[in-house]
Structure formats: C-alpha cells, structure tokens
Amino acid sequence: MIALDPAGFVVIALLVWLHVRAVRALARRGHRVPRAQIAAWYGGVALIAIGLFGPLDDLGEELLVAHMGQHLLIADLAGPLLLIGARSPVLFFMPPRALLVALARQPRLRALSRFVRRPLVALPVYLFVLYLWHFPFAFDAALDSPAVHTLQHQSFVAIGLLVWWPVLEPNRSRMPGELWKAGYVLGTRLMTMFVGMAFLVQRSPAYDHYEGAHGLSALSDQQLAGGLMMVVDL
C-alpha cells in the first residue's frame, strides 16, 4: 500500500512547480533549458517520490535495510540530480520575484547562505545531521512519531543538497573543474561509510523497533542495511 504523506506530497508538488515556473520564464526570454538538465531535475524528484511514497516507505516499518534504501534515495542520490537540474540560469528563476527582492535586502542572510555552502562547513553539517539521525534515540523517535519522521526526511533532502552544492555549484552556468572536488567527494563518501560499517560490525541490533521480518533476523537485516550503505558510498 502506497503511503501519501501530506508533507512529502507538498514537497514534490513544490519542486515540480518551481522548475516548471523557471523553464517557462526562461522560454519567454528566448532561453531554452537543455533537455538533459530538465531530465536531471525530474530524475531527482522521482527518486524523492519513490523514497517517500513507494514500497520502501511501507517496508521501512518492518526492515531496516528498506529504511536505509529510502534514506539513500532521498539524501545521496536525489540531491546531485536536483542541483544539476537547477543549474544557472534556472536556479535564479525558480523563486518568486518578491522572494528574490526580499532576500536581496537581507545581506546577513545572504552571507550566512554563502558561509554554509563552503566545503569545510557544508561537509561537517552534513555529517552531523546524518550521524545524529542514526543514533538510536533519534532514529527510534522518527519511527515512533510521524512528525519527527517527516522532519528526518526533509532534513535528509536538505543536507543532500547542501553537501553536493560545493561540488556542482549550480549558481554558475558551467561547473568549474577543480581537483579539490575529487578529494571532497571521496572524503564525504568515506566518512559516510562509517555508519554502514557500524551496522556491519555490531553484534546486536541497534534499534529496538526492528525485530526481524520477511525471513530475516534483526541482526541480518541490520547487516544488509550496512552493506547497502557501503555499496552506495563506494
């Protein structure tokens, strides 16, 4: 049974509306957005939709490996596609003009945005949020409360965009090719793998919620979840 999370539906609808709005505005100015860029955006939207509304959402209540798959779709795979799809000038035509004007009048907010998008800031923020949600107290709270679960999902979308921003730089019309980005991506993947490694080496279930299902013990389910994270982060 497909779950229709109202907050998730709002996010999906908003993502579609923003991109359609930008593409149409640019078309009126004679600029045609490349099809590959449009496809990247909707590919990211589709991954989020699959994660939020697909079978993984229901299975995630029974299997940790399904829950991890859901998070990987939302946080690790959708983010870069959305940023590719939003590459300038699309990015600057997505927000309503009134919002852009309001932001232009907030130099401190713009400075904060530039600060958090720095590689040495974005990466620690990403890791902090990722690790925090995988501590048992936070993970169990998300499983026990729909509101906290929604917050968890939305924060994964946000940090997925944040951590990939320094690499893809969607605010530029072309992505600068710089050597440090390879080290940044490699370092991010290695530090993310620690969560998966923890699931693999633990000899007892990390979360009380999962007791095994579909022929899997709780420990086997957890090890599969860790293996999935390791494979995606390689």
Search all heavy atoms of [X] against all heavy atoms of [Y] and return the closest pair with its distance.
X	Y	value
L56	Q70	CD1-N, 3.9 Å
P124	P119	CD-O, 4.1 Å
A66	L59	CB-CB, 3.6 Å
V121	V116	CG1-CA, 3.7 Å
L15	W41	O-NE1, 3.2 Å
G160	V163	O-CG1, 3.6 Å

With a 4.5 Å limit on heavy-atom distance, are the side chains of [X] and [Y] in contact?
X	Y	value
L82	I48	yes
P170	I84	no
M94	V90	yes
Y210	E62	no
L130	T192	yes
N171	W165	yes
E169	P176	yes
R110	R105	no

Check the pair H134 / F199 against side-chain contact (heavy atoms from CB on, under 4.5 Å), numbers first and verdict last.
CA-CA 10 Å; H134 285 89; F199 287 152; 4.1 Å; yes
Go through the steps for L26 and V23 under the test side-chain contact (heavy atoms from CB on, under 4.5 Å), then give the verdict.
CA-CA 5 Å; L26 287 166; V23 170; 5.9 Å; no
Listed pairs under 3.5 Å, donor-acceptor, residues 220-232 side chains, sequence neighbours left out:
unit_1	atom_1	unit_2	atom_2	d
S220	OG	S217	OG	2.9
D221	OD1	L64	N	3.2
D221	OD1	V65	N	2.9
D221	OD2	L64	N	2.6
Q222	OE1	A206	N	2.6
Q222	NE2	Q202	OE1	3.4
Q222	NE2	S204	O	3.3

Find the distance between [atom1] ([X]) and [atom2] ([Y]) and round it off to the nearest 0.5 Å.
X	Y	atom1	atom2	answer
F135	D140	CZ	CG	13.0 Å
I159	I74	CD1	CD1	11.0 Å
L47	D76	CG	CG	11.0 Å

Residue pair W164, V185: steps toward the side-chain contact (heavy atoms from CB on, under 4.5 Å) verdict
CA-CA 8 Å; W164 280 102; V185 173; 4.3 Å; yes
Qualifying residues under side chain to side chain donor-acceptor pair (under 3.5 Å), relative to [X], sequence neighbours excluded:
X	value
R24	none
W133	S155
R117	S113
E211	none

Please collect all ring pair (Phe, Tyr, Trp, His ring centres under 6.0 Å) contacts where either partner lies in residues 67-95, sequence neighbours excluded, each pair once.
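As it turns out, the ring pair (Phe, Tyr, Trp, His ring centres under 6.0 Å) pairs with a partner in residues 67-95, which skip direct neighbours, are H67-H71, H67-F139, H67-H149, H71-H153, H71-F156.
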Where do H19 and I38 land on the side-chain contact (heavy atoms from CB on, under 4.5 Å) test, with the steps shown first?
CA-CA 8 Å; H19 203 265; I38 295 175; 4.1 Å; yes
Taking atom CZ of F115 as the centre, does the number of heavy atoms from other residues, nucleotides or ligands within less than 6.0 Å exceed 12?
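Count not over threshold, so no.
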Which residue is it: L179, L120, L123? I am looking for the one with a side-chain contact (heavy atoms from CB on, under 4.5 Å) to Y184.
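Exactly one option meets the side-chain contact (heavy atoms from CB on, under 4.5 Å) with Y184, and it is L123.
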